[in-house]
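These notes are about the structure you will find just below.
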Amino acid sequence: MKTIGILGGGQLARMIALAGAPLGVRFLVVDNVADACAGQVAPQITADWRDFAALQDFAKRIDVATFDFENVPADTAHWLAEHVAVFPNPRALATTQDRLVEKTLFRELGLATPAFAAVDSRDDLERALGTIGTPAVLKTRRLGYDGKGQFRIKSPADIDAAWAALGGAALILEAWVPFEREVSLVAVRGRDGAFSTYPLVQNWHEDGILSATLAPAPESDTLIEPAARHARAIAEHLDYVGTFALELFVKDGQLLGNEMAPRVHNSGHWTIEGAPCSQFENHVRAVLGLPLGDTSVLGTAVMLNFIGELPDALPVLAEPRAHWHDYGKSPRAGRKVGHATLCANTKAEMRERLARVARALGREEQVVQVLKAL
Ligand code: AMP
């Protein structure tokens, strides 16, 4: 029996552990919070990721290490890789931790991106705005997720406020893209180089946080091939092993790379019930060197995220082919506390199911755009 160690004990680690259990896999999570939500379903070491004595104990007790969070310190990833097999590898992690390095790689490998420039000083910012223009968005290169560490610059008059908010950190300025829609591709690469993608999905965000996902993305026949080609090229370049997500904008019918998440991803949660083999099980299979599972979509699926607090579970539990996920976290503004996935054989059936559930939850607004896209 193998044991997978996971750095980070959030809902992603929890869902990885739940998916690996039927394969006879054990898990051990490390998190500095005593009641981490993955600790409710797997043994936990409560320690900081820079506590090398705790990491020594962790490394001894596991066969493979992986992550549920991309911002694990580089030192920790490198130290671990010297003691145990680590997937994805520290180089892949480091590349995706820095928005500038990541976007530069996308371009080198032929994936177009929004116009961008490195910003290390106020002068740089003024120069970059001169070339990129407004609207633009200033982002920290590192440690940003869910729209954190970002400042929208609508006109040059916003420079002072943007610099006051983020100046001092290493930054990147990006053109603000008036995209038609946001899509993502969840993909998985095995230790033997086997590669597979889930269907392209469409995503809607609220305040920079994922709100809803529709699988498969409508009218994506012409996008899936280039998206999969780009994902594969990036994964092969990084010698990536495990599940990852490529987040993309669609502008004038073309794909632009926004970012890569080096882990299982919120836009892949629907795969638990909507695909024959979930992104979580495939991550487990990949890091253990097992054959990858089927990544097709069974009909159509919609995932609704619950941020801050959970609604009443009963309307979801009462609906056929609707699935409730409570992460076991206490409510807090901006925190992902759970999700629901609805599955259906046809779009018509999904429209009815989604409208009924949203009404019962009092969340009609969250699904307006999804219903339009269906
Ligand atoms: P990120 O953390 O970079 O994925 O940004 C969070 C969300 O902000 C994205 O999913 C988009 O909805 C939006 N966003 C980020 N960067 C841009 C951009 N350059 N143009 C338009 N929207 C953006």
Side-chain angles (χ1 to χ4, degrees), residues 10 12 69-71 93 95-107 111-119 125 128-129 131-155 158 162 165-166 169-186 200-215 217 223 227 230-231 234 244-269 303-305 307 334-336 339 365-366 368-370 373:
L12 301 180
F69 191 58
E70 60 268 48
N71 291 317
L93 207 62
T95 304
T96 56
Q97 280 176 349
D98 184 326
R99 292 183 189 275
L100 182 69
V101 176
E102 180 179 63
K103 285 205 165 66
T104 305
L105 177 68
F106 287 176
R107 288 212 173 164
L111 172 59
T113 68
F116 67 86
V119 170
L125 177 57
L129 273 173
T131 2
I132 289 173
T134 53
V137 52
L138 187 63
K139 301 181 180 178
T140 55
R141 281 171 56 176
R142 308 176 67 84
L143 299 175
Y145 65 99
D146 284 346
K148 293 184 171 64
Q150 303 196 5
F151 195 99
R152 273 192 72 180
I153 302 182
K154 296 188 181 123
S155 79
D158 295 336
L166 300 177
L171 303 171
I172 178 172
L173 184 77
E174 295 176 18
W176 185 259
V177 180
F179 50 73
E180 285 112 48
R181 51 194 180 130
E182 288 194 82
V183 296
S184 61
L185 189 76
V186 174
L200 200 67
V201 299
Q202 184 163 351
N203 300 314
W204 289 267
H205 292 81
E206 189 71 44
D207 297 330
I209 305 180
L210 186 67
S211 170
T213 295
L214 168 60
L223 299 176
H230 292 307
I234 295 164
F244 66 97
L246 193 56
E247 295 179 33
L248 303 150
F249 301 140
V250 182
K251 171 84 180 32
D252 302 326
Q254 302 295 313
L255 295 172
L256 293 176
N258 177 31
E259 65 178 342
M260 171 175 170
R263 51 172 170 75
V264 290
H265 192 251
N266 201 165
S267 71
H269 289 2
M303 190 273 323
L304 299 179
N305 246 3
I307 314 293
R335 194 178 207 198
K336 292 175 176 171
H339 74 267
E365 234 174 74
Q366 193 175 355
V368 169
Q369 298 303 323
V370 188

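Ligands are counted one by one from 1 in listed order, and the atoms in each one are counted from 1 as well.
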Within ligand 1, which atoms have a heavy atom of [X] less than 4.0 Å away?
X: Glu247; result: 4 (O)
X: His205; result: 10 (O)
X: Arg99; result: 1 (P), 2 (O), 3 (O)
X: Val177; result: 18 (C), 20 (N), 21 (C)
X: Phe249; result: 11 (C), 14 (N), 16 (N), 17 (C), 18 (C), 20 (N), 22 (N), 23 (C)
X: Lys139; result: 3 (O), 15 (C), 16 (N)
X: Glu182; result: 9 (C), 10 (O), 11 (C), 12 (O)

task = Determine, step by step, whether Ser211 and Asn305 satisfy the side chain to side chain donor-acceptor pair (under 3.5 Å) criterion, reporting the C-alpha distance in whole Å, the side-chain angles of both residues, the deciding distance to 0.1 Å, and the verdict.
result = CA-CA 5 Å; Ser211 170; Asn305 246 3; over 6 Å; no
request  = Return a yes/no value for Trp176: is any of its N or O atoms, backbone included, closer than 3.5 angstrom to an N or O of ligand 1?
outcome  = no
ask   = Based purely on interatomic distance, does Phe179 place a nitrogen or oxygen under 3.5 Å from a nitrogen or oxygen of ligand 1?
value = no
remark   = Hits for ring pair (Phe, Tyr, Trp, His ring centres under 6.0 Å) against His265, two or more places apart or cross-chain, chain-then-number order -> none
Any non-hydrogen side-chain atom of [X] less than 4.5 Å from a side-chain atom of [Y]?
X: Glu206; Y: Trp204; value: no
X: Leu129; Y: Ile153; value: yes
X: Val201; Y: Leu214; value: no

key: Heavy atom of Ala175, distance to ligand 1 below 4.0 Å   = yes
key: Aromatic ring pairing Phe249/Phe179, orientation class (parallel under 30°, perpendicular over 60°, tilted between)   = parallel
Candidates Lys139, Gln150, Arg99 - the one meeting side-chain hydrogen bond (donor to acceptor under 3.5 Å, both in side chains) with Glu174 = Lys139
request  = Answer yes or no: are there more than 12 heavy-atom neighbours, outside Glu180 itself, under 6.0 Å from its atom CD?
outcome  = yes
request  = Check each heavy atom of Asn258 against ligand 1 and say whether those closer than 4.0 Å belong to the side chain, the backbone, both or neither.
outcome  = side chain
